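Throughout, a chain's letter reflects where its sequence line sits, starting with A, and its residues are numbered from 1. No hydrogens, no waters, no symmetry mates; every other heavy atom, side chains included, goes into these values. All of these numbers come straight from a predicted model, not from anything done at the bench.
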Amino acid sequence: MIERKNMFSLENEKELDIAWCPGCGNFGILNILKKALEEMEEITPNNFVLVSGIGQAAKIPHYFKNNAFNGLHGRTLPVAFAIKATNPDLYVVAESGDGDMYGEGGNHFIHNMRRNINITNIVHDNRVYGLTKGQASPTSQQGMVTPVQVNGVILNPFNPIAVAIANGATFVARAFVGDMQNTKEIIKKAIRHNGYALIDLFQPCVTFNKINTYAWFNEHTYKLREDYDPSDKMQALQIAFQEDKIPLGIIYEEKGKPTFEEQLTIYKQNKDPLFKRSIDLNKLESFINSMR
Amino acid sequence: MNKTIKEDVSIVLSGEAGQGIQTIEGLLTFILKREGYYVFATKEYMSRIRGGSNSTEIRVSSKPVKSYVDKIDILIPLTKSSVEHLGDRVTEDTLIIADNDFLKLENKNLFNVPILSIAKEIGNEIYANIVAVGVILGLFKTNIKTIEEYLKERFGDKGEKIVSDNLKAASEGYKLGKDFSESGEIKIEISANESLKDDLLISGTDAVALGALAGNCDSIFSYPMTPGSGVLVDLANFSKNFDILVEQAEDEIAAINMAIGGWYAGARSMVTTSDGGFALMEEGLSLAGMIESPIVIHLAQRPAPATGLPTRTAQEGLNLVIHAGHGEFPRLVFSPGSLEQAFYLTQKAFNIADKYQIPVFVLTDQFFVDSYYNVKKLDLSKIENKKYFVETTEDYKRYDLSKAKNGVSPRGIPNYGNGLVVVDSDEHDEEGHITEDLDIRIKMVEKRLKKFEALKEDFISPEFYGNDNYKYLVVCWGSNYNVVKEALENINNKDLAMLHFSQVYPIPENAVEFLEKAEKIIDVENNATGQFAKLIRAETGIKIDSKILKFNGMPFSVEELTAKIREELQ
């Protein structure tokens with residue numbers, strides 16, 4: 001049987017010079033995302049934009065066949081926000097590492113969830129800086145020894161789930177690349193969620209993080225029960241602080257909250273993306289004349 | 001005391017922040033313009049919300065006035081410290097109209113007018129500013145109907161009581177002003193011209209914001225920073241009538257990345273900021289250079305470094321915008337000198353940015369954005385906006401070298417056509433994918449830099465003013481246009497001319513002939529090091545030795561520039 005090629009695969013997929021180490025969790029995310037996208041009939045490489053920042057995770061758009069914006073370190077979200085805001089017809093996924101999203105881009109992380117722009121934010125969380133050779137990331141465990149944190153990390157780890165829930169994010173999930181099936185379903189639900197969706201996606205760095213390995217994640221995570229109710233905010237917050245066993249799944253989901261773009265006057269009468277519009281110079285002329 | 005002021009009067013109102021000085025500026029300039037006068041207004045203010053000493057200068061004239069003067073013919077101080085604040089500008093010739101029961105000033109040119117008492121009688125000290133407006137309008141013997149109409153327009157939505165109180169305050173003041181005029185104590189003789197009442201009266205901020213609209217700007221992303229934020233506020237107001245997406249970003253870094261994201265999706269986006277805000281945007285500028293994204297950046301300069309003098313004026317941002325961003329890539333910098341130029345060049349900025357896929361700056365400054373004067377017309381008949389992005393085909397490559405003209409490859413946007421659009425801040429191949437192939441690197445650098453050549457053919461010529469057979473050439477840029485012009489009119493020397501650059505980078509090709517023809521070039525700039533003179537030298541090899549530089553945070557006044565240019569002629 002000939003395996004059908006995924007429509008999001010580049011023609012030269014086999015020869016691609018992929019920059020990740022063998023065994024890197026990014027490979028899994030790449031495959032899962034591709035499968036998820038292909039299973040979503042509404043999405044094509046044309047109406048989909050993958051936006052990333054800088055880092056190993058941020059290279060992901062280059063191994064995909066779709067529209068892509070690989071921007072600056074930490075600046076994934078402002079770009080993704082503006083693409084969606086100026087053309088709401090596009091499906092936008094913002095994808096980068098924990099350093100990019102929570103460290104360098106922390107301010108954007110906070111404020112874009114306040115905007116509730118309808119994008120999906122997938123954070124490759126390996127709890128270490130891989131591309132720069134193993135320094136601590138915002139999610140690194142306390143005590144982890146690195147080339148910079150030589151006596152162990154002192155800082156308290158950033159809790160993206162709790163921050164997101166507290167900050168008004170309308171879809172907050174955690175996934176682990178080792179759990180492909182669930183991760184794929186979470187991604188699909190996140191993309192279909194109307195509003196900002198965060199997936200903090202565990203992904204082992206096989207080279208620089210010797211603590212949070214595949215085995216470690218397997219041992220320290222569990223799937224949320226099927227009857228778990230993600231609409232209960234206080235329960236979700238409680239779960240967000242669980243450290244011994246980390247829950248995987250949709251931890252919090254708020255439905256029906258209007259998105260940023262739904263609240264914009266410019267789309268109330270006219271659904272056209274901005275690139276299709278032009279200023280009416282006659283109207284501008286009378287407007288200027290009314291200022292006399 | 002009898003005093004007659006002819007042709008051109010400079011009125012200064014000064015008080016604390018919060019005393020309504022800006023309201024006075026708005027009311028007086030618009031009412032006087034409607035009465036058929038040429039007006040000019042500019043303010044200077046401290047970086048605080050309440051207190052301090054701020055002032056606004058309003059020039060009213062029978063001929064066009066567009067620049068700042070030191071002289072104060074009539075001063076209306078609302079606080080005791082106002083007079084001291086204005087320093088040497090208050091001379092023996094300055095008439096002071098003040099409520100001296102409260103201010104207790106000592107000055108032989110003082111006219112005691114119960115401004116505050118009247119305001120209190122009406123019900124609130126806050127009306128003092130409106131009483132002052134009335135006094136001035138009385139001196140001009142303005143039609144009281146114009147005042148009524150304007151107050152209704154301005155305060156109408158605040159309710160009848162507010163309108164009638166304001167009207168009462170204005171007419172009480174008006175009577176007093178008119179008395180001075182009729183008794184001959186203060187006589188203002190400026191001829192009004194009916195045809196001026198339909199002039200536009202706009203600020204530099206308005207000119208930039210309207211120009212952006214005319215350039216089909218459909219989105220603005222910015223973080224507020226004085227003096228650049230006015231454009232954000234203007235466009236937010238215009239968004240009630242036009243389809244503009246206005247978003248206040250969490251910081252400047254977000255703002256510029258948003259604007260670039262907007263252009264990627266086909267929207268015409270801009271940011272507005274000041275030097276310090278732009279400093280944060282530098283990496284985003286570099287990103288625009290690398291991915292060949294258009295972007296329009298309005299930067300209103302103020303004194304620096306760091307936070308500098310937040311509310312004052314300067315031309316210190318030129319080096320910044322020219323050198324900002326790491327790496328080598330093309331850009332263009334406009335620096336309008338007049339409100340009309342600000343309108344047309346901002347409109348053009350969007351098309352140039354789009355055409356060449358480069359960052360285009362509109363570089364103004366605090367003095368420029370905060371100044372108002374009569375503008376006859378903003379002509380929209382010749383305006384053309386072309387959207388330069390293309391509908392893509394399946395084989396589309398964002399950085400196609402074979403299809404690049406002057407280094408410009410056709411720019412596709414997502415979901416418009418069958419192609420895919422990939423852009424990358426890393427060095428990239430023709431498809432936009434990351435590469436470390438050093439041969440492609442060379443081709444991409446050359447492609448990007450090639451745009452410089454094309455830009456040289458599409459430049460805005462510097463404006464020459466004066467006698468063709470000049471010996472002395474005053475070189476200036478940006479907001480010094482009008483003050484240099486007025487100084488030259490005062491000096492009236494046939495050997496003297498002005499060359500004003502509204503495109504400061506790249507230096508327009510034809511500038512060299514003008515510069516080489518002069519026996520002596522005099523550079524006028526609001527900075528301490530002559531940044532533009534250095535740029536001219538770097539780009540053309542022409543060295544300018546005479547420099548008139550001012551960097552105390554205030555604009556050049558006509559008088560001081562007239563004197564300083566005269567010195568250079570000796």
Neighbour count >12 (heavy atoms, 6.0 Å) for atom NZ, A:K14: no
Atom CZ of A:R114: over 12 foreign heavy atoms under 6.0 Å: no
Residue pair A:N46 / B:G419: nearest heavy atoms and the distance that separates them: ND2-O, 3.3 Å
Sort [X] into side chain, backbone, both or neither according to what part of it lies under 4.5 angstrom from a heavy atom of chain A.
X      : result
B:L213 : both
B:R34  : side chain
B:Y396 : neither
B:K33  : side chain
B:N385 : side chain

Give, for atom [atom1] of [X] and atom [atom2] of [Y], the distance between the pair rounded to the nearest 0.5 Å.
X      : Y      : atom1 : atom2 : answer
B:T435 : A:H62  : OG1   : NE2   : 10.5 Å
A:L72  : B:L287 : CG    : CG    : 4.0 Å
A:S278 : B:R268 : OG    : CZ    : 8.0 Å
B:S425 : A:N70  : OG    : CG    : 5.0 Å

N-O pairing of B:E247 and A:R115 below 4.0 Å: yes
Ionic contact status for A:R277 with B:D243, cut-off 4.0 Å: yes
pair B:Y264-A:V49: side-chain heavy atoms closer than 4.5 Å: yes
4.5 Å side-chain heavy-atom contact, A:H108 and B:N257: no
Side chain / backbone / both / neither for A:P273 at chain B, heavy atoms under 4.5 Å: neither
Choice from B:I260, B:N241, B:L201 maximising heavy atom contacts with chain A below 4.5 Å: B:N241
